[in-house]
Amino acid sequence: MPIPKAELHLHIEGTLEPELAFALAARNGVTLPYADTEALRKAYLFEDLQSFLNLYYELMAVLRTERDFEDLANAYLARAAAQGVRHAEIFFDPQAHIARGVDMGTVVEGLWRALGDSGTNHGISTRLIMCFLRDESADSAMETLEAAKPYLHRITGIGLDSAEVGHPPVKFREVYEAAAALGLRRVAHAGEEGPPAYITEALDVLGVERVDHGLRCVEDAELVARLVRDRIPLTLCPLSNVRLRAVDVLAEHPLPAMLDAGLLCTVNSDDPAYFGGYVGDNFDAVRSALGLSEDRLRELARNSFVASFLEDDEELRARYLAEVEAYEFS
Ligand SMILES: [Zn+2]
């Protein structure tokens, strides 16, 4: 059994495997421009961010009903459970669905049909984090928050994702303030392709409690010192970084140096159907490519629960942390 861990950076739309995409397309009468799952699997070997995003949005067309979102989430949870995930904080992108006529309620209630029973069915506790697309307008983000108001009992926090450069955190100051006033937790993608200054801005202007990616903090020693001092977690996604060329090869990933610096790093899968693996695969990959010791792997697993939004259930967090400490590597 893999080491118990939490997954904190996972886009549910990025878990759509070719087999499920074809099954949902058939169910909904959607025609995909690929001959079969094998041809689609080949399309997943995209070359850059834009071709990934094109495919990502194209395939979302198969997600139409509550049952589709339920099936998507259950497929992810089953795979995650097999890789040792005990707790998952799951991103979803409502704007991408609303734009094609699928409303907020269908998305949230559909996901909840799986998440509400995930403890019983998969042995995984879950939280839901609603992300805004940063290449859409600030007004659109605010409208999305408004549309989510009837469903806030299902939603733990907000995030910010999609194309980073040219869309600095400050653009979303108002919507983050409004979300904070509603009691929502706050995270944001920052410092993946964007500069370290975006990380600082996400902390100072948006009040984020956790930084998604945050990889480029290593370029700013003062920022690193601040992240260490304030125990701000980073949700790193090593296989994603290789596929989207944030690092050339996994062996050059700064994760070991970041851990040595005392940063609260976690390892996650981002969009696992597209980026070559789920979170356990990411653990295995960094272990072999970077030669991480068992102590380091245990630290990463421990960090994932420390960084999770389990303040509403500290007993559960303590139980997970005890499982990490008791784990024996084979
Ligand atoms: Zn992401």
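For this chain, numbers begin at 1 and follow the sequence in order. Whatever order the structure lists them in is the order used to number ligands and atoms, beginning at 1.
Judged by the 6.0 Å and 45° rule, R210 forms a cation-pi pair with F309. Note that R243 lies in the cation-pi zone of F46, set by a 6.0 Å cut-off to the ring centre and a 45° limit from the axis. With F283 as the aromatic partner, K5 meets the cation-pi criteria of under 6.0 angstrom to the ring centre and within 45 degrees of the ring axis.
Atom OD1 is the N/O/S atom of D270 found closest to the Zn ion (ligand 1). Atom NE2 is the N/O/S atom of H9 found closest to the Zn ion (ligand 1).
Note: angle at the Zn ion (ligand 1), from NE2 of H189 to NE2 of H11, is 100° (rounded to 10 degrees).
Residues E17 and Y274 bring no donor and acceptor atom of their side chains to less than 3.5 Å of each other.
Taking backbone and side-chain atoms together, H213 has no N/O/S atom less than 2.8 Å away from the Zn ion (ligand 1).
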